[in-house]
Structure formats: C-alpha cells, structure tokens
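Labels below follow one simple rule: chain letters A, B, ... track the order of the sequence lines, proteins then strands, and each chain is numbered from 1.
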2 protein chains.
Amino acid sequence: MFTQSEENYLKAIFHLQQETEDGVSTSSISGHLNTTAASVTEMIKRLADKDLLDYQKYYGVQLTATGKAHALAIVRKHRLWESFLVERLNFNWDEVHEVAEQLEHIKSKKLVEELDKFLGRPAYDPHGDPIPDAEGNLPIMPKKRLSQLQQGERCICKGFNDASSSFLKYLAKLGIGLGTAVEVTHVEKFDESMTLRIDDDEVQLSKTATDNIYVEH
Amino acid sequence: MFTQSEENYLKAIFHLQQETEDGVSTSSISGHLNTTAASVTEMIKRLADKDLLDYQKYYGVQLTATGKAHALAIVRKHRLWESFLVERLNFNWDEVHEVAEQLEHIKSKKLVEELDKFLGRPAYDPHGDPIPDAEGNLPIMPKKRLSQLQQGERCICKGFNDASSSFLKYLAKLGIGLGTAVEVTHVEKFDESMTLRIDDDEVQLSKTATDNIYVEH
DNA sequence: ATAAATTATTAGCTAAGCCTAAATATTTGT
DNA sequence: ACAAATATTTAGGCTTAGCTAATAATTTAT
Ligand SMILES: [Mn+2]
Ligand SMILES: [Mn+2]
Ligand SMILES: [Mn+2]
Ligand SMILES: [Mn+2]
C-alpha cells in the first residue's frame, strides 16, 4: 500500500499536527525526520497527489481523514510492538523505540489484531502514550506537563514525549519512570529549571526536560 | 547493514545452493524471486562487490562464508517468526509465510535472541524446517522425499519444501500436516503420481507435490 | 514601506532496484 | 563442426527517495 518512507512522513506529520492549529511546516518535518527541506517538499507533493494530505504551497500541510487514519494505524502498531518488547521480551522501556520504528511498517491486519489480543488490549505503551484502537480512537489522556506545575505541587509521571533513547536513559538514571511520584521543591525563575524530590533524592531538570514529561494529579 | 532486497537475494541463493554442487544460475534466482534475469545480473554484481558471493560471469554464483552466514541469519529470523506466529498468535501454518517474509528483515540482535528464548529455542519451524542457532548451525534432518518411496511403504510427514500458501492450503485440505501418517498404496508409472492412504481416506498427489513433502521412517 | 533574514521551492544530480530490448556467450542438436 | 536454441549480460529507461545549490516567497526588523 504505502512505502516505509511515506509512512514515516505520515506519522511525523501526525505528531507535529498535535502541536499546532495551522499547517505543519516543511522545516518542522525535516527537523523531525532528519532530512532536508527540499526532500520534504518532494515527498509532501507525492502524498498530496495521493490525497493523504492537503498542501498549500508555502503554508504547510494538514492530513486528510485518510491520511490521519493511516498515521493512527502506524502509531497503533508502533506502540503495540513497544508494549510487546517490554512486556514479553524483556526489553527496557528505553531501548524499544528503534526496533518499533521498523516493526511498525509490517503489513498484516491479522498480525496487529492478534498481537493486540495477545497483549490483552493494552491502553498505554511503555512510555505512557495511549494506543489507538483498531478504529483509530485514542483513549484520551488528561495531559499536563511537569513544566506547568508550581513550586510545592506533587504529581505522578504518566508519560514522556521525547522518544529518543538518550532522554529515556537519562530519566531512568535519575530514577524517573512511569508512575514515579515527584514533588516540585523549587522552580528557578531565570531558566525555568526545576528542583524535584523523588523519594528522598533531589534532582535538577531543565525546562527542555520538564516540557517532555506528562504528569497527573 | 544490508537492504531488504539484498537479503532476499542472499536467502534465495542460499536455498538454491542446497540443490546443486555448482554455481547458482541467474535464471534460477530470477525464477525464485520473480524478477527478470537482467535485474539479477545487476544485483549479483553488487553482492559480489561486497564479497557476499563469488561471481563468474555466465557460470553463476556461490555464497562466500560471510554471505552464507548472513543468509543463515535471515533464515533463522524467518523461521523463528513463523514459529512465533503459529505458537503464540493463533496463525495457521499455511498463512505465516508472507508475514515472516517481512519480519525476517527487522534488524535487532537482541530481538532475535529474546524471541528465541521466549519461544523456548525451537529446533523446527511450523513447516518442519530446521531453525539455525545463533552461530548458524542447522540441526540436521534425515530428509527423504515422499516421491522416493515405493508402493506399500509407510511414513510420517516431517516437512514441506514449497513455501507457497496455495500448496500448504492444498495439503491442509487433504488432511496432510506435520506428523501425518501416510501409506503409499499405488505409484502410477507414467506420471509418477501417487495414491496415498491417510487414516481411512485415499488421496491422489502429483509428482510435483510428493517432491515437496519430506518424510521419515 | 522597504530591506534583510528566514523559509520554502525548484533545478539538477545520485544511487538502488526494478524493467524491456538488444547484443553476446554458452549449450545443444544434427 | 556448425547452426539453432537457450541463457546471460549490456544498454538504456523509469521510479523512489535522498542530496546540494540556486531561486523565490514569506516574515521580520528597521
Ligand atoms: Mn518507522
Ligand atoms: Mn512509545
Ligand atoms: Mn523477505
Ligand atoms: Mn517455514
């Protein structure tokens, strides 16, 4: 149906779309996928021809209904495979992303359905991200970023937005994972960095980091 | 490391090599992979440049040690995935091949190792084919083709050589699978077709079919 | 309102993998 | 031994998916 490259673009655009109301820019896509802007322009023309997205020259792209449906199917596969790797194959949550990046492109309706069943139809992946169902419905997450909290507030870590292995390993080193209880002991005015208490340890996190940690409560 | 196409060629050549002493011909590869002879010539030049095979113009190719090792790694993955699909995901043995054809290209040493462990280090795949270990060692199978048996002989089905879904579905329809007991009631002289007794049914199989069924005893 | 900076597009090039048609080499049959 | 048949390679073309450099549009700053 679609090539691996096309699918990677669809998924990237889907993710970037979550963070803007207007069109997804060429440069944001090229940043996300580590390609040049010129390559992106080429590809989005192809995807527009296939009616997977609407493209307004110089004003970015937006997924069509079919484009979004397809992107969600890939996200679903990605997160199911990540769950499989962690739940059944003893992978660490910080080492599954690269492999899932490949596995998400396997084409077999039955495989996805059976994998989902086998895993007990999980609602969230090992990073706390919601897994779309077969129809593309996402279980909505009450999302709040750690960076939005005030001094003195307490919360539980519910998700991580940066899929890079280095970020996840960094968090693991600090003792931060899904379900970790955190208290904001101090917010530094000038760079918005935070001091946090985790159990009885104190750790420092930059704004870049706290922006990518989703919390609840 | 290698592309999907390169890996498919290596695997095809590995399989074809099992059936000849001398070089694997261009046309046999193109037949196996459903490509043209011209495409094969191009690809084997590339693979020869990478020292995965020895190529003598007009006299076919032979895998080098590294080429063979790589082919075995792909065969290993293919058969492990087939086992996973049948043993854990409720696939039928006759519907796993196409998906395994994709899964065999996933690159992750840890994934293969963990999958093997998870499945209990199986020695044979759902078609009765031996699964190479991590070092590329194949558990040797005492292989005899059903077509080699004489009238009156009895045997147990131990493997099937044609991976096509249609062949496997055909056998399933006739009640033939791994472990099925078969008695040769008649061998037709002129086309070498066989009449077989399975339980209390009698079935007819062509030479083409009996050539692709491995038996024991 | 214009100039400068930024962002996006186009043009032109490359490599992998496929193809068909033409040219060549090998094998087979007499 | 040679012609015919068959197999293989070469030549030339196409698509996908990337790149750099040049051009054009938009946005920002003066
Ligand atoms: Mn991917
Ligand atoms: Mn994830
Ligand atoms: Mn394959
Ligand atoms: Mn098999």
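With dA17(D), dT26(D), dT10(C) as the candidates, the nucleotide lying closest to the side chain of Lys45(A) is dT10(C). Taking every side-chain heavy atom of Thr35(B) into account, dC18(C) is the closest of dC18(C), dG17(C), dA8(C). Picking from dG18(D), dT20(D), dT8(D) the nucleotide with the shortest atom distance to the side chain of Tyr9(A) gives dG18(D).
Residue Glu42(A) contributes atom CD, which lies 17 Å from atom P of dA21(D) at whole-angstrom precision. We find that CE of Met43(B) is positioned 16 Å from P of dA15(C), with the value rounded to whole Å. Atom NZ of Lys50(B) and atom P of dA15(C) are 13 Å apart (whole Å). For the pair Gln4(A) CD and dG17(C) C1', the computed distance is 15 Å after rounding to whole Å. As a whole-Å value, the separation of Leu33(B) CG from dA16(C) C1' is 16 Å. One atom, OH of Tyr58(A), and another, P of dT6(C), lie 17 Å apart when rounded to the nearest Å. Per the geometry, CG belonging to Leu47(A) stands 12 Å off C1' belonging to dA17(D), to the nearest Å. If you measure from atom NZ of Lys57(B) to atom C1' of dA25(C), you get 10 Å, rounded to the nearest angstrom.
Across all strands shown, Ser39(A) has heavy atoms under 4.0 Å from base atoms, whether or not it also approaches the sugar-phosphate. Among the heavy atoms of the strands lying under 4.0 Å from Ser5(A) are primed sugar atoms or P, OP1, OP2 only; no base atom is included. In this structure, Thr26(B) reaches the sugar-phosphate backbone alone: every heavy-atom distance under 4.0 Å involves primed, P, OP1 or OP2 atoms, never a base. Across all strands, Ser27(B) comes closer than 4.0 Å only to sugar-phosphate atoms, never to a base (heavy-atom distances).
No cation-pi contact links Arg46(A) to Tyr9(A), judged by a cut-off of 6.0 Å to the six-membered ring centre and 45° from its axis.
For Thr64(B) (side chain) and Leu52(B) (main-chain N/O), a donor-acceptor pair under 3.5 Å exists by modelled atom type.
Checking Ala37(A) against Tyr59(A), the closest nucleotide of DNA chain D that is more toward the 5' end is the one next to Ala37(A). Of the residues near DNA chain C, Val40(A) and Thr36(B), the one whose nearest nucleotide (by heavy atom distance) lies more toward the 5' end is Val40(A).
The residues Lys11(A) and Glu101(A) are annotated as salt-bridged, a charged nitrogen and a carboxylate oxygen being separated by less than 4.0 angstrom.
Atom CD of Gln148(B) has more than 12 heavy atoms from other residues, nucleotides or ligands within 6.0 Å.
For the pairing with Leu80(A), the side-chain contact (heavy atoms from CB on, under 4.5 Å) check across Leu85(A), Asp125(A), Leu103(A), Leu119(A) returns one residue only, Leu119(A).
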